[in-house]
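Structure, as structure tokens:
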Amino acid sequence: MTKQGIRVSENGDTVRIVYGEYPQMMQGIAYLCKAPESKYKWMNFLRLDFKNAYSPIPSVEDICKTLSAESVEAVAKLDNNLSELNVKTRIKPLRGIVSDFKWKVEYVYKGKNICGFYADHEYFMLCIYFNHFQNINGFAKILYEEDYDLFQWFKKQFPDFFNSLCQAVRTGVAARAGGGGGGFR
């Protein structure tokens, strides 16, 4: 080990291991090992993530403090619309290893992810998990009836998707009603 630059010294009950090129390295590893037990303790260790090793997972409100006003507004509308459901929130740190986002927030209802967002101070992506393609029409109808402003926000964000969805809904409503149209505008 000496040829590799590692020195070991003993003094009573204490053993000190030092790597010559980076003498503080072992102290850093000890710091990470002493971090409080958490779901992400060993992920932080493997990433040598000293900054987040002792940080708790934030709440949605904490994450919103770092977002743009437009993103905070989208999260507020999402939270407001989910407030009456028994929805659980899962927050996962991504920390730039697998994406450009720092946080993944999922809203879980009856054991299934129904929506969520990826966020960082520079990026924001809102996601809706339909879990089955037939749920898309039902979602659009409920959104239209329950929160027209949020429906319009989604329509503005995804115009091609909503135009084809609305056409399919109008066609379905017209067929059931015997003509006349309907759907979303």
Atom pair CZ (Arg7) and CD1 (Ile17), whose distance is rounded to the nearest 0.5 Å
12.0 Å
Measure the shortest side-chain to side-chain distance between Arg90 and Val108 over non-hydrogen atoms and say whether it is less than 4.5 angstrom.
yes
Within-4.5 Å side-chain heavy-atom neighbours: Val75 and Phe124:
yes
May I ask you to decide if Leu78's main-chain N or O and Asn81's side chain share a donor-acceptor pair within less than 3.5 Å?
no
Rounding to 0.5 Å, atoms CD (Glu84) and CD (Glu146) come to a distance of 8.5 Å
Does the pair Glu10/Arg16 count as a salt bridge with the N-to-O cut at 4.0 Å?
no
Tell me, with the steps shown, if Asp149 and Lys77 meet side-chain contact (heavy atoms from CB on, under 4.5 Å).
CA-CA 9 Å; Asp149 291 337; Lys77 284 184 177 186; 4.0 Å; yes
To the nearest 0.5 Å, how far apart are NZ in Lys102 and CD in Glu122?
11.5 Å
How long is the gap from NZ on Lys34 to CD1 on Ile29, to the nearest 0.5 Å?
12.5 Å
Are the side chains of Lys155 and Gln157 in contact, using a 4.5 Å heavy-atom criterion?
no
Looking only at heavy atoms, the pair that brings Asn86 and Tyr109 closest together is O-CD1, 3.8 Å
Is the backbone N or O of Leu32 less than 3.5 Å from a side-chain atom of Lys41, with the two atoms forming a donor-acceptor pair by type?
no
Tyr118 ring center within less than 6.0 Å of Tyr123 ring center:
no
Does a side chain donor of either Thr14 or Asn11 reach within less than 3.5 Å of an acceptor in the other side chain?
no
If you define the side chain from C-beta out and look only at heavy atoms, does anything of Ile128 sit under 4.5 Å from Tyr107?
no
To the nearest 0.5 Å, atom CD1 of Ile114 lies from atom OH of Tyr129 at 10.5 Å
Less than 4.0 angstrom from a charged side-chain N to a carboxylate O is my criterion; do Lys65 and Glu61 meet it?
no
Closest heavy-atom contact between Ala119 and Leu67?
CB-CD2, 3.7 Å
Minimum heavy-atom separation for Ala74 and Trp153, please, with both atom names.
CB-CZ2, 4.1 Å
In Å and rounded to the nearest 0.5 Å, what is the SG to CG distance from Cys64 to Asp79?
7.0 Å
Check: Asn80 side chain, Ala76 main-chain N or O, donor-acceptor pair, under 3.5 Å
no
Under 4.5 Å between side-chain heavy atoms, counting indirect links through other Ile/Leu/Val/Met/Phe/Trp/Tyr residues: same cluster for Val15 and Val18 or not?
no
Could you check whether any side-chain N or O of Asn113 sits under 3.5 Å from a backbone N or O of Cys115, counting only pairs where one atom can act as donor and the other as acceptor?
no
Evaluate Tyr148 against Gln152 for side-chain hydrogen bond (donor to acceptor under 3.5 Å, both in side chains), listing each step before the verdict.
CA-CA 6 Å; Tyr148 185 75; Gln152 290 300 325; 2.7 Å; yes
Using 30° and 60° as the class boundaries, would you call the ring planes of Tyr144 and Phe151 parallel, tilted or perpendicular?
perpendicular
Do Ile63 and Ile91 come within less than 4.5 Å of each other through their side chains, counting heavy atoms only?
yes
Tell me, with the steps shown, if Lys92 and Glu106 meet salt bridge (charged side-chain N to carboxylate O under 4.0 Å, His left out).
CA-CA 8 Å; Lys92 300 177 183 178; Glu106 296 174 323; 3.7 Å; yes
